[in-house]
Amino acid sequence: MTSQQTTNHPDANLHPVATGPAAHTVAAHTSPAPLTLYAGWFCPFVQRVWLALEEKKIPYQYIEVNPYHKPASLLQLNPRGLVPTLEHDGRPLYESNVVLEFLEDVYPDHAPSFRPSDPYLRARGRIWSDFVTSRIVPSYHRFLQYQPPEGSSAEEAGAGLDRVRKELLGRLKEFAKEMDGEGPWFFGQEPSLVDLVLAPWVVRLWVFDHWKGGLGIPGEGQGGEDEGVWARWRKWAKAVEERKSVRETMSDKEHYMPIYQRYADNKAMSEMAKATREGRPVP
Ligand SMILES: N[C@@H](CCC(=O)N[C@@H](CS)C(=O)NCC(=O)O)C(=O)O
């Protein structure tokens with residue numbers, strides 16, 4: 001047993017570093033740079049920012065921290081003690097959506113630009129990025145962490161699970177309806193911030209197949225009267241899954257398993273897990 005496994009902290013069994021494709025990306029970013037990313041390899045909020053850094057080829061140093069054992073170095077920069085946290089020219093910044101906007105502002109010459117030039121589309125992008133954070137992510141967690149109330153019959157438990165499953169499905173459908181008709185990205189041929197904001201959860205939808213009996217996104221030709229919307233969703237999800245930056249910021253699946261197992265059992269003690277249990281928004 002390692003010293004990590006002997007601690008009583010419920011999130012102590014976290015694999016310490018990135019593995020698989022993400023490990024190669026980390027290895028390419030160990031040298032000091034004007035921008036430092038304090039990250040957790042497993043974290044979808046980190047992945048949002050990591051995608052932008054990789055896509056835009058911004059020089060950065062990657063520093064792995066365990067936000068469940070918050071080191072002083074993290075707390076000094078971010079009193080919330082969450083990752084991602086950024087240090088840019090000695091100044092700290094955090095909150096993934098804020099950091100994404102910051103990178104667009106500070107590195108305007110680093111293509112691709114993830115904000116459409118039309119101010120109206122930019123504003124719409126912000127509405128739907130907010131929808132991801134305030135609606136989709138909480139629904140994702142309500143489904144993943146769902147446990148039937150004590151004493152529920154099998155039928156009641158099944159109905160409860162189905163309710164949270166449909167809630168998430170409904171929100172993904174609502175998001176897909178807003179997409180440009182052709183795509184493959186939200187606004188058309190090129191990805192934008194709103195795509196980066198949801199991508200990390202899309203590549204983590206497998207958790208529902210593994211633990212919760214499936215999310216039930218209709219396959220090709222099975223969407224009934226909503227087939228057009230689901231076809232659009234599938235096209236978008238495929239573009240996300242195939243994107244180089246997405247693949248290269250993912251670790252080996254086996255190391256996500258113990259983390260998501262704790263969520264699926266509703267035993268995780270992260271701020272997100274606690275917020276979900278207490279009906280609070282994303283921390
Ligand atoms: N609103 C934050 C959420 C970040 C967040 O919750 N990160 C998690 C890791 S995925 C974290 O640092 N958790 C530490 C904790 O729960 O104490 C953002 O968008 O950056």
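It should be emphasised that the depicted structure is a prediction, and the values quoted were computed from it without experimental measurement. Just so you know, ligand 1 is whichever comes first in the structure, and atom 1 is the first atom listed for that ligand.
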For each nitrogen or oxygen atom of ligand 1, which protein N/O atoms lie closer than 3.5 Å, and how far apart are they, rounded to 0.1 Å?
from, atom 1, to, atom 2, distance (Å)
ligand 1, 1 (N), E95, OE1, 2.7
ligand 1, 1 (N), E95, OE2, 3.3
ligand 1, 1 (N), P283, O, 2.6
ligand 1, 7 (N), V83, O, 2.8
ligand 1, 12 (O), V83, N, 2.9
ligand 1, 16 (O), E271, N, 2.7
ligand 1, 17 (O), K70, NZ, 2.6
ligand 1, 19 (O), S96, N, 3.3
ligand 1, 19 (O), S96, OG, 2.6
ligand 1, 20 (O), S96, N, 2.9

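Considering only residues two or more places apart in sequence or on other chains, E64 meets the side chain to side chain donor-acceptor pair (under 3.5 Å) condition with Y62. Under the ring pair (Phe, Tyr, Trp, His ring centres under 6.0 Å) criterion, F114 pairs with no residue, sequence neighbours left out. For R232, the side-chain contact (heavy atoms from CB on, under 4.5 Å) test picks out M179, K235, W236, with sequence neighbours left out.
Remark: the N97 side chain and the T133 side chain contain an N/O donor-acceptor pair separated by less than 3.5 Å.
In this structure, K173 is not positioned above the aromatic face of W233 in the sense of NZ or CZ being under 6.0 Å from the six-membered ring centre and within 45° of the axis.
Residues P44 and R48 fail the side-chain proximity criterion, which asks for heavy atoms closer than 4.5 Å.
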